[in-house]
Amino acid sequence: MRPPLSKELWFSDDPYVTETLRFKQWNGKERSIFFQPPSFYVAPEELMSTEHGGVSVLTGKKVVHLDVRENKAKLDDGSHISYEKCLIATGGTPRSLPAIERASEDVKLRTTLFRRISDFRSLERLSSKVGSITIIGGGFLGSELACALGRRAQRSNLEVIQMFPESGNMGKVLPEYLSHWTTEKVKREGVNVISDAVVKSVSYKNGKLHISLKDGRQVETDHVVAAVGLEPNTELAKSAGLELDGDFGGYRVNAELQARNNVWVAGDAACFYDIKLGRRRVEHHDHAVVSGRLAGENMTGAAKPYWHQSMFWSDLGPDVGYEAIGIVDSALPTVGVFAKATEKDTPKRAAEESGTGIRSETDYEGVVQLASDSSTVTPSLPSPAQQGDSYGKGVVFYLRDNVVVGVVLWNIFNRMPIARKIIKDGEQHADLNEVAKLFNIHEE
C-alpha cells in the first residue's frame, strides 16, 4: 500500500522502520505496508495443483506482449502464460520535469521520483544526511512529504523547501481560500513554501543543485523530490490492440472495466466510464481497491457497472486531514460550509474512534446508523465560509450544472456514505447549507 510511504511511516518512532516497513496508524494499531503477508500467496509452480486455487506473484518477469485472440501473455524471457481472463493493473510511472530530463546526470542522481519503497528508504536516509531538500509539486504527495520532512526538520538542521506553479497547496483541488489556508498550515510545519514557481532549469555546480525559476528567482538545494503526477503504464496497448484515452490517458474501458473480450483494466491505468460522473481516470489507493474488486467480480461473471464512488484522503500530519469523493477540481464552482473544530476533529482522533487508519477499509460501515443520525441535527445556521483565517471543519461541495459532483470533508471523518449518496442521487439542491447539516458539522 503506497499511502503510508508519504504518511504514517514518516511519523514512526521505530528507528528500524525502513527495514520493518511496519507502522502505527493514527489509532495506535500496528500493521505492515504489504497488502497481504507472504504466507497468503501460493508458489507459482504449485498454483495449478493447489486444491482450491490461490494467488501467485511472479517477480522478476515482465509481460512484453499480450495476444488477446490466443489468450496468451508473452514474458521477457520468451515464455508464455495462457489465461482465460486477464486483468491489466500496471499502475503508472512518476513523471519527471522537462527541466530535470534536460539536465545533467549530476542533477538526475540527486533527484527522487517518489513512488516505491526504495524511494522512501533512500529519502529517509537522505533526510538525516543533507542540509536541504526541495520538493517540486503542490498536490497530495508533494504536500504530505513536505509536512513529513518539515516535522523532521524541526528536530534537525534540515531545510525543507516546497515549490509549485499554483498559488497555494492543493491548488488544483481545493478552492483558493482553503488552498491558501493549507499553505499556511504547511509553513507552520517547518516548510519554506514557494508558490507561483515554474521551474525553468536545474543545474549542478560547487556541490549544490541550482533551480532557476521562470520569474528569475533562484533556489539552492542538495536534493530534489519531483512529485508532479503519474504517467499510466500502457505499453501493452499496441500488441493487445487496446484503445488509449486521448484526454485522460490510460486504457479506455467500459463501465464494467472491460477493455476487450476477456481483458479488464483496474487502478491507475484504467480510464473508465462512471455511470454517474462520466469518463474518468483516478489515481488513489481506495480506487485501486474498489476497481480491483469490481474487475475481479466481473471477470467471474458479475457484469456490474462502476457506481461505488471511491474516496481518497490526505493528512497533513495527525491534526489536519480531509476526505474527498467524486470530481474535486478547483476549476468547478464550489460552496463551502464551515464550523468551529473541536478536539475530536482530527485524523488521529477519527482513527482512534473508528479503529482503523487506512480509511477506505472502514468506508463501508455505518451507512444505516449515519442515515438515522442525520435527522437529529440541530437547526443552527451554518457558519460563513470565512471564519477569519481558520477553517476548523467543514464541507466543500463541487458543482457541475448545479448538481453536486464532488465533496471534500475537511476534518470531518467517517461520513463518506452520506457524501456518496448525495453524488449518487444527482439532484439539484436549492440550499447546500441544508445539505451540509446531514454531516453533523455543528456537533460539539
Peer 1: Any side chain to side chain donor-acceptor pair (under 3.5 Å) involving residues 218-232? Give me the pairs, sequence neighbours left out, ordered by first then second residue.
Peer 2: R95-E231, T112-H223, S132-T221, T134-T221, K208-D222, S212-Q218
Peer 1: If only atom types and distance count, is the side chain of D401 paired as donor or acceptor with the main-chain N or O of V403 below 3.5 Å?
Peer 2: no
Peer 1: Any donor and acceptor pair, going by atom type alone, linking the side chain of Q162 with main-chain N or O of G137 inside 3.5 Å?
Peer 2: yes
Peer 1: Anything under 3.5 Å between a donor and an acceptor, one on a side chain of residues 9-17, the other on a protein residue two or more places apart or in another chain? List them.
Peer 2:
unit_1 : atom_1 : unit_2 : atom_2 : d
W10    : NE1    : L5     : O      : 2.7
S12    : OG     : D14    : N      : 3.0
D14    : OD1    : Y16    : N      : 2.8

Peer 1: For I422, is there any backbone N or O sitting under 3.5 Å from a side-chain donor or acceptor partner on D425?
Peer 2: no
Peer 1: Is the side chain of N402 donor-acceptor paired with the backbone N or O of Q428 at a distance under 3.5 Å, no angle test?
Peer 2: no
Peer 1: For F40 and F35, run ring pair (Phe, Tyr, Trp, His ring centres under 6.0 Å): C-alpha distance rounded to whole Å, both residues' side-chain angles, the deciding distance at 0.1 Å, then the answer.
Peer 2: CA-CA 10 Å; F40 171 83; F35 199 61; 8.5 Å; no
Peer 1: Roughly how far apart are D196 CG and E166 CD, rounded to 0.5 Å?
Peer 2: 9.0 Å
Peer 1: For K276, I'd like to know if atom NZ has over 12 heavy atoms of other residues, nucleotides or ligands within 6.0 Å.
Peer 2: yes
Peer 1: Run the salt-bridge test on E283 and R2 with the 4.0 Å N-O cut-off and return the result as yes or no.
Peer 2: no
Peer 1: For Y204 versus V107, what's the shortest heavy-atom pair and its separation?
Peer 2: N-CG2, 3.9 Å
Peer 1: How would you list, by chain and number, every residue that makes a ring-ring contact (aromatic ring centres under 6.0 Å, His included) with Y306, sequence neighbours excluded?
Peer 2: F272, H287
Peer 1: For this output row, return yes or no: ring centroids of F140 and H284 closer than 6.0 angstrom.
Peer 2: yes
Peer 1: Please answer whether the main-chain N or O of F248 pairs with a side-chain N or O of R281 as donor and acceptor at a distance below 3.5 Å.
Peer 2: yes
Peer 1: So, does R110 use its side chain to make a donor-acceptor pair with the main chain of D106 at under 3.5 Å?
Peer 2: yes
Peer 1: In the structure I gave you, are the side-chain heavy atoms of F312 and V282 within less than 4.5 Å of one another anywhere?
Peer 2: no
Peer 1: Check the surroundings of atom CZ in R217: do more than 12 heavy atoms from other residues, nucleotides or ligands lie under 6.0 Å from it?
Peer 2: yes
Peer 1: For the pair W410 (side chain) and Y391 (backbone), establish whether a donor and an acceptor sit closer than 3.5 Å, ignoring hydrogens and angles.
Peer 2: yes
Peer 1: Please check: side-chain N/O of S330 versus main-chain N/O of G171, any donor-acceptor pairing under 3.5 Å?
Peer 2: yes
Peer 1: Considering residues, nucleotides and ligands other than K187, do more than 12 of their heavy atoms fall under 6.0 Å from its NZ?
Peer 2: yes
Peer 1: Can any side-chain N or O of S179 pair as donor or acceptor with the backbone N or O of P175 at less than 3.5 Å?
Peer 2: no
Peer 1: Could R293 and E297 be called an ion pair, given the rule that one side-chain N must be under 4.0 Å from one carboxylate O?
Peer 2: no
Peer 1: Are the charged groups of K437 and E434 less than 4.0 angstrom apart, N to O?
Peer 2: yes
Peer 1: Of all the heavy-atom pairs spanning R279 and C271, show the shortest one and how long it is.
Peer 2: NH1-O, 2.8 Å
